[in-house]
Amino acid sequence: MRDPPDRDSTHRVERELFAGVENPWQLFDAAHRPKEIDARVLVVHDEGDTVVGPDHARRLKAAYGDRLDLLLTRGLGHRRIVTEPTVIDQAVGFVTAGQESAIRWT
């Protein structure tokens with residue numbers, strides 16, 4: 001996993017970009033205020049991801065509950081996961097689910 005930014009850099013970003021914002025890092029946290037998202041969510045994550053640990057995906061699942069479909073893989077890492085045919089098929093299926101019934105043939 002990558003080292004987090006040093007404390008001075010973190011404080012500089014908070015001070016210069018988010019002056020007056022309490023806890024600005026929550027703005028980038030997908031698990032923050034999940035009730036504001038009313039759509040289903042798909043998270044695809046590899047158990048061996050060394051950039052973003054799988055605990056992040058599990059935390060999202062806990063926050064969104066049944067509204068989140070969690071697809072866990074093994075051996076794909078952080079980058080190869082986006083080109084894996086099975087993952088692509090699952091993502092396309094998730095996005096297009098229910099669209100067949102919305103199509104009207106004339």
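Computed from heavy atoms alone, side chains included, the values below leave out hydrogens, waters and symmetry copies. Not measured: the values here are computed from a predicted model. Throughout, numbering of the chain's residues begins at 1 and tracks the sequence.
Atom-to-atom distance recorded for Glu47:CD and Asp49:CG is 10.0 Å, nearest 0.5 angstrom. Residue Thr73 holds its OG1 atom at 11.0 Å from CD of Gln90, rounded to the nearest 0.5 Å. In this structure, NE2 in His11 is found 13.0 Å from CD in Glu16, a value given to the nearest 0.5 Å. Atom CZ in Arg58 sits 8.0 Å away from atom NE2 in His45 (nearest 0.5 Å). To the nearest 0.5 Å, the span separating CZ on Arg40 from CG on Asp66 amounts to 7.5 Å.
The two atoms that bring Glu14 and Trp25 nearest to each other are OE2-NE1, 2.6 Å, heavy atoms only. When every heavy atom of Lys61 is checked against every heavy atom of Leu68, the shortest pair comes out as NZ-O, 2.7 Å. The heavy-atom pair separating Ala31 from Leu60 by the smallest distance is N-CD2, 3.6 Å.
Leu72 and Phe94 fall into different hydrophobic clusters, where Ile, Leu, Val, Met, Phe, Trp and Tyr residues are linked whenever their side-chain heavy atoms come under 4.5 Å apart, directly or through other members. When the side chains of ILVMFWY residues are joined at heavy-atom separations under 4.5 Å, either directly or via intervening members, Leu42 and Val92 end up in two distinct hydrophobic clusters.
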Using the rule given for side-chain contact (heavy atoms from CB on, under 4.5 Å), can you reason through Val43 versus Tyr64, listing the C-alpha separation, both sets of side-chain angles and the distance that settles it, and then say yes or no? CA-CA 11 Å; Val43 171; Tyr64 286 86; over 6 Å; no
Show, in sequence, the C-alpha distance, side-chain angles and deciding distance for Val44 and Ile81, and conclude whether the side-chain contact (heavy atoms from CB on, under 4.5 Å) test is met. CA-CA 8 Å; Val44 181; Ile81 197 168; 3.5 Å; yes
Does the salt bridge (charged side-chain N to carboxylate O under 4.0 Å, His left out) test come out yes or no for Asp29 and Arg59, once each step is laid out? CA-CA 11 Å; Asp29 183 358; Arg59 191 168 63 86; 3.2 Å; yes
Quick one, Ile88 with Thr86, criterion side-chain contact (heavy atoms from CB on, under 4.5 Å). Give me CA distance, side-chain angles, the key distance, then yes/no. CA-CA 5 Å; Ile88 293 169; Thr86 304; over 6 Å; no
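Salt bridge Arg74/Asp46: absent, no basic N to carboxylate O contact under 4.0 Å.
The number of heavy atoms from other shown groups lying within 6.0 Å of CZ (Arg67) is above 12.
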